[in-house]
Amino acid sequence: MEEAAEIALTVNGETVSARVEARRHLVDFLRLDLGLTGSRLGCEHGVCGACTVRVDGAIVRGCLMLAVQADGADVWTIEGLSDAGEIAGLQDAFVARNALQCGYCTPGMLLTAAEMLKAGRRMTRPEIREFLSGNFCRCTGYHAIVDAIEAVMAERFRD
Amino acid sequence: MKAPRFSYVRPESLDSVLELLAEHEGEARILAGGQSLMPTLNMRLSEPRLLIDINRIDALKGISLEDGTVRIGALARHAEVLESPLAAEHLPLIADAMPHVAHVAVRNRGTFGGSIALADPAAELPACAVALNASFVLASTRGRRTVPARSFFHGLYETELAEDELLVEARIPAIAPGYRSAFMEFARRHGDFALAGVCCHARVEGCVLRDVSLACFGGEDRPRFAAAASAAAEGRAWSEEVKDAVKAALGGELEPEGTFHASAETRVHLAQVLAARAVDRMLAAG
Amino acid sequence: MTDRPEAAGRPLPRGSARRLAAGRGRYADDLRFPGLLHLAFVRSPHAHARIVKIDPAPALAAVPAAKVFTGADIAAVCTPWQGKMDHLPTLVSPPQHAVAVDRAVWQGEPVAAVAAASRALAEDAAAAVAVEWEPLPAAAVRDRTLDADAAPAHPELGGNLAYAAAIRAGDPEAALAGSAHVVEACFSFARHTGVPLEPRTVIADYDPGEGRLTVHGSHQAPWHQQDTLSRHLGIPEHLVRVVTPDIGGGFGIKLHIYGEEIAVSAVSRILGRPVKYTADRLESFISDIQARDQRVEARMGVDADGAIRGLSVDALSSFGAFASYGRAPVNEGMMTISMAGGPYANGHYEGRLRIAFQNKPPSGMYRAVGQPIACAVTEQLLDRAAHAAGIDPVEMRRRNYWAEDAFPLRTPGGIAMDRLSLRQCLDRLVAMMGYDALRAEQAALRRSGVYRGIGVATFLEMTAIGAERYGPAGARISTQDGATVRLEPSGRVRCVTSVIEIGQGTLSALAQIVADRLGVAPEDVGVVGGDTALAPYGGGAWASRGLTIGGEAAWRAAEGLRANILELAGSILQADPAGLDLAGGAVCDRATGETRITLAEIGRIGHFRQDTLPPGVQPELAVTRHYAPDDVPFALANGVQGSSLEVDAETGGVRLLGHWVVEDCGRIVNPLLVEEQIRGGVVQGIGGALFEECRYDEHGQLLNGSLADYLVPMAAELPDIHVGHVETPLRGTALGAKGAGEAGTVGAPAAVLLAVNDALRPLGAQVSSLPITPEAVLNAIAAAA
């Protein structure tokens with residue numbers, strides 16, 4: 001029962017251990033302690049989705065989870081998923097369609113899109129939009145993002 | 001903003017959670033999914049001395065069916081409930097409501113018990129529990145008790161839970177043959193808390209509704225079992241006249257607060273519109 | 001010449017996109033500085049209050065290493081500023097301190113700064129600073145700020161009126177009196193803020209040894225910041241350097257001078273250490289500039305055949321607590337009255353503007369400045385007039401556009417217009433959206449109680465504004481941009497620009513432009529910007545100017561380098577430069593296309609083997625050029641937007657079904673960039689039309705200051721947005737590009753407002769306040785019943 005704790009977890013496939021303040025949320029831990037700055041803070045109250053990371057196989061708001069809660073967890077960020085090549089198809093599609101402008105929301109968008117692909121089927125544009133509805137982008141009109149995801153689904157899940 | 005300082009503990013058993021709650025009565029907060037608690041911490045709106053993380057307590061997990069009652073463990077994530085074939089089959093109202101609960105990443109982490117225990121008046125699940133006449137099992141070092149949903153919610157973020165008590169699970173009657181349900185809400189944007197919402201559950205015989213249970217949320221300080229509106233529909237063939245009677249009854253019993261999102265009048269009006277549409281949809285589903 | 005197509009005009013992916021998509025963007029908050037201190041601010045909880053006493057003791061007890069700075073502490077090293085415009089002597093705005101001294105004039109104004117080793121510790125300490133307040137009455141209700149009994153936002157000014165202006169042409173009273181149909185409405189446009197996803201962030205590092213200040217920050221106008229820091233902190237300008245890393249969106253929000261950001265440099269100067277401040281989202285809502293916030297009463301008169309006879313517009317606008325510093329704070333209101341009626345032939349016009357102070361965050365430039373208001377007012381009145389005259393809205397517009405042979409002209413509002421493509425854009429839009437089919441569907445559905453609406457709105461977008469508009473104001477902002485283009489020894493090309501990249505892809509477009517001039521591939525051109533110590537002086541990223549001005553500068557610099565390369569090649573080859581050309585990464589024979597010498601060889605000789613050149617030949621393989629608009633005061637883009645939507649008459653909900661835009665931004669360098677700029681702009685406009693509003697109570701307390709309560713448009717509520725183009729190159733420039741960054745935002749609110757009212761018309765209801773909330777729709781329907 002302390003204001004700090006030792007944690008051990010895997011981040012992007014590598015084992016990490018650290019002593020963290022209890023109040024430090026997961027994204028600050030990733031950004032400040034591990035230098036993984038691809039996960040970003042846009043609101044820090046769980047609305048914008050810029051901090052989206054994958055924990056134990058499912059996307060979560062990184063600002064709504066404490067780093068101490070990730071003890072023992074398997075965490076993946078945009079950096080790890082990029083290096084592993086898992087989201088290369090999505091990244092190609094985003095780049096080809098200019099589905100990003102300032103790029104601040106893009107890691108969160110890509111992690112959400114990757115989760116969408118797990119359903120293993122083509123979604124309609126309204127379904128894609130609904131799935132993205134927790135990720136705020138102020139620059140694009142979302143249209144190109146939907147195009148990019150739709151294209152990857154069409155390629156991957158041919159009927 | 002960064003959260004204020006607090007201590008953190010992650011007990012391994014239910015008993016130790018309850019002991020900690022008893023020991024730190026009033027100064028500790030339970031950390032389940034954290035999807036509502038964490039924003040209040042990050043905004044420094046709450047400053048607990050201790051967070052008790054219950055995420056590793058297996059006894060609080062899972063969804064099961066026992067004797068016509070679905071048990072949803074307090075730690076069942078929204079995503080788990082949403083994807084549960086058991087919930088889809090036996091709790092179609094909740095299956096219907098769940099896609100309206102926030103967004104994917106929040107549903108992956110947020111818990112059923114957390115939503116109930118927080119008692120946000122605009123949340124979907126407390127209203128579903130009220131409509132379905134669920135009950136909640138509360139535990140403390142003093143023992144266990146079961147409280148009906150319809151008397152659990154006391155007011156804005158206020159419930160029957162004592163400061164040393166933990167919500168352990170919800171027990172919800174599985175839908176019986178002949179019954180149908182429908183969920184409708186009106187929100188400015190998908191996943192937002194609704195301006196108004198309605199849960200409807202009844203036995204449908206042709207176009208006659210029986211054992212009607214209508215619950216409303218999103219305007220008052222807690223979810224309401226709309227007794228008068230339910231009675232207005234009871235045993236009658238659904239018609240424009242009955243629809244008007246239900247709307248009138250809702251107008252009589254709902255006493256929402258106006259906020260900058262919508263006035264009290266608008267919220268009542270929306271509840272009336274949604275209630276009529278929910279019944280229409282329930283009947284059409286047959 | 002080779003047959004390789006030019007890069008400009010092609011939908012090439014942006015060079016930086018792959019890096020950003022891999023999460024390798026480097027935004028200000030990502031940067032690391034040794035010895036860094038973090039700043040947190042103590043803010044006023046009152047909209048208006050006297051600061052009786054600030055006691056730092058409890059903060060130091062909570063965090064002993066913390067350092068607390070009051071407004072007076074900051075003022076000792078930093079002079080206050082005033083939002084004045086030299087050519088508008090009647091404009092008043094009191095001095096503004098970086099951190100308030102004596103009195104706070106909006107809820108959220110910083111009153112003390114606290115430095116500590118981490119942001120969390122700085123917040124711990126800031127929360128403990130004890131401030132004693134004496135609350136004062138606040139001017140907080142826009143429409144009552146000019147009433148005789150209104151509380152003053154600044155008691156020393158003797159009233160809340162900050163500025164008043166009027167425009168008049170012809171005889172509007174007589175014209176309106178003689179009209180067959182007169183329509184009028186009172187519009188309200190809510191207070192907005194820009195909500196860039198990356199909050200404002202700044203890191204200042206003052207080196208006492210050299211007296212040098214280096215600032216890294218998320219800012220759209222680092223040159224403006226450099227000037228301000230130099231003058232108000234008293235540091236010679238050549239010792240101030242402002243660097244902008246990747247920027248997570250701006251939209252005008254990051255264009256301004258903010259007290260917190262200047263205070264960061266002041267504290268760094270006092271402590272001699274790097275100091276950082278990142279706004280959190282809650283702070284953004286109470287400290288980022290806010291915009292719009294106007295009431296507009298307007299009347300339009302038309303003939304029986306629909307021709308506009310006269311227009312009258314009376315706007316009440318708001319400054320918040322201060323006129324924004326160093327730019328053109330009156331513009332939100334001035335754009336409203338100068339752009340209203342713009343696309344349409346009319347000789348009788350009056351525009352009246354009053355701007356009032358309120359105890360709210362300062363107002364400033366937010367994407368499209370005033371133009372969405374001018375557009376919505378004009379287009380809504382035109383729709384109502386069309387209905388009164390029994391004319392289809394599309395036909396109504398066609399009849400009223402300026403005649404093709406009328407250009408160039410100056411509108412009654414004072415807007416200089418060169419060639420526009422209004423009819424072409426309208427025809428194209430009508431075809432793209434399937435206007436006739438939508439009308440038929442609308443009529444059929446109405447019979448079954450479904451209320452569909454269609455809105456078609458013409459917009460103008462004032463882009464790339466030149467010195468004529470800022471210079472006389474005394475604004476120390478450059479409307480010129482510059483570029484240096486350099487041939488590297490390898491034959492690759494580097495371009496250093498004063499343009500700031502905030503997500504539009506401008507730097508990639510510059511690469512396309514430079515590549516074409518030098519006969520290389522765009523990927524062989526490296527473009528960097530965002531460093532006031534290294535780049536040519538310029539303006540930055542605002543007013544949709546990146547390509548129009550920065551692109552032209554890059555074009556000219558590349559042309560200059562091209563001439564130098566050919567001259568050097570002539571010396572090396574003993575050939576006449578006039579017979580040489582650049583293509584395929586080489587100097588070639590202009591007539592035959594045969595390669596004579598590669599750029600790599602030119603680079604090698606020019607940089608390393610000057611000894612082999614004839615005497616007197618100095619290779620000049622870097623060229624700097626600047627460009628400021630000269631023969632036009634700004635570049636006027638134009639277009640038309642269409643919206644199709646459905647109103648749920650029982651819930652008041654609006655469901656967007658489709659949105660179409662045809663725009664003319666002159667020559668398009670990269671359609672991929674333009675189209676998503678347009679779409680993003682449309683979405684911000686839709687935000688204003690349906691969702692966004694800073695809601696204040698009558699005491700000036702913000703009611704919805706979080707991202708959960710200030711509703712921004714998200715993917716699920718939005719329709720597909722179809723974009724078409726007409727290209728009318730900008731006269732007087734080699735490139736011919738006009739800006740495209742604000743077009744979407746200008747026209748979308750009008751298109752949606754018109755469509756909602758088109759849907760509501762059979763119910764006898766109309767709305768004229770934005771955002772159009774479900775409650776407003778329900779109230780309008782109830783009022784009509």
Side-chain angles (χ1 to χ4, degrees), chain A residues 1-7 20-28 32 41 43-73 108-109 111-116 118-119 126-136, chain B residues 1-11 16 19-20 23-24 27-28 31-56 77-80 82-83 99-110 114 187-193:
Chain A
M1 216 178 308
E2 288 188 65
E3 291 186 359
E6 302 284 342
I7 58 171
V20 293
E21 260 196 300
R23 64 167 158 174
R24 175 155 286 192
H25 56 59
L26 180 57
V27 175
D28 267 355
L32 304 176
L41 291 176
C43 72
E44 226 168 354
H45 47 261
V47 182
C48 77
C51 63
T52 306
V53 293
R54 188 190 286 174
V55 176
D56 293 333
I59 55 167
V60 304
R61 303 282 203 224
C63 74
L64 297 188
M65 183 171 172
L66 297 172
V68 286
Q69 291 186 281
D71 185 26
M109 286 287 179
L111 264 85
T112 303
E115 180 110 336
M116 226 180 291
K118 285 203 238 156
E127 283 177 318
I128 294 170
R129 286 180 175 279
E130 186 175 321
F131 208 106
L132 287 176
S133 66
N135 288 75
F136 175 40
Chain B
M1 211 184 274
K2 307 301 177 191
R5 289 162 52 180
F6 50 75
S7 294
Y8 168 89
V9 61
R10 190 174 60 221
S16 51
E19 281 159 20
L20 283 162
E23 186 186 338
H24 298 273
E27 297 196 324
L31 175 59
Q35 303 303 287
S36 300
L37 176 59
M38 284 290 295
T40 69
L41 294 173
N42 287 351
M43 296 183 190
R44 295 193 180 225
L45 293 173
S46 67
E47 305 206 355
R49 293 273 297 278
L50 173 67
L51 290 193
I52 304 170
D53 183 351
I54 60 171
N55 280 277
R56 310 267 168 115
R77 313 272 175 200
H78 298 319
E80 200 181 331
L82 180 63
E83 286 153 22
H100 297 275
V101 177
H103 310 280
V104 178
V106 172
R107 292 198 295 264
N108 281 342
R109 190 93 195 134
R188 297 282 298 277
R189 302 176 307 178
H190 179 83
D192 282 353
F193 282 125

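When each of B:Pro4, B:Gly191, B:Ser36 is scored by its heavy-atom pairs under 4.5 Å with chain A, the top score falls to B:Pro4. Ranked by non-hydrogen atom pairs under 4.5 Å with chain A, the options B:Arg107, B:Met38, B:Met43, B:Arg189 are led by B:Met38.
With a threshold of 4.5 angstrom between heavy atoms, A:Leu132 does not approach chain B through any atom at all. Of the atoms belonging to A:Asn135, not a single heavy atom falls under 4.5 Å from chain B. Only the side chain of B:Arg56 comes within contact range of chain A, with at least one heavy atom under 4.5 Å from a heavy atom of that chain. Neither the backbone nor the side chain of A:Ala5 comes within contact range of chain B; no heavy atoms are under 4.5 Å apart. Residue contact with chain A, scored on non-hydrogen atoms closer than 4.5 Å, involves the side chain of B:Leu51 exclusively.
Interatomic distance, CG of A:Asp71 versus OH of B:Tyr8, reported as 7.5 Å (0.5 Å rounding). With rounding to the nearest 0.5 angstrom, the OG atom of A:Ser133 is 9.0 Å from the CG atom of B:Asp192.
Nearest heavy-atom pair across A:Gln69 and B:Ala32 is NE2-O, 4.0 Å. Listed here is the closest heavy atom pair of A:Gly46 and B:Val106: O-CG2, 4.4 Å.
Looking at heavy atoms from C-beta onward, A:Glu115 lies in side-chain contact with B:Val104 at the 4.5 angstrom threshold. Under the 4.5 Å side-chain criterion, counting only non-hydrogen atoms from C-beta, B:Asp53 is not in contact with A:Val68. Side-chain contact between B:Ser7 and A:Glu3: present, with at least one pair of heavy atoms (C-beta onward) separated by less than 4.5 Å. Residues B:Lys2 and A:Glu44 form a side-chain contact, since some pair of their non-hydrogen atoms from C-beta on lies under 4.5 Å apart.
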Test salt bridge (charged side-chain N to carboxylate O under 4.0 Å, His left out) applied to A:Glu21 and B:Arg5, step by step: CA-CA 8 Å; A:Glu21 260 196 300; B:Arg5 289 162 52 180; 5.4 Å; no
Side chain to side chain contact (heavy atoms under 4.5 Å, CB included) between B:Asn42 and A:His25, worked out: CA-CA 9 Å; B:Asn42 287 351; A:His25 56 59; 4.0 Å; yes
Trace of the side chain to side chain contact (heavy atoms under 4.5 Å, CB included) decision for B:His103 with A:Arg61: CA-CA 10 Å; B:His103 310 280; A:Arg61 303 282 203 224; 4.0 Å; yes
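Looking at B:Asn108, its side chain does come within 3.5 Å of a backbone N or O of A:Ile59 through a donor-acceptor pair.
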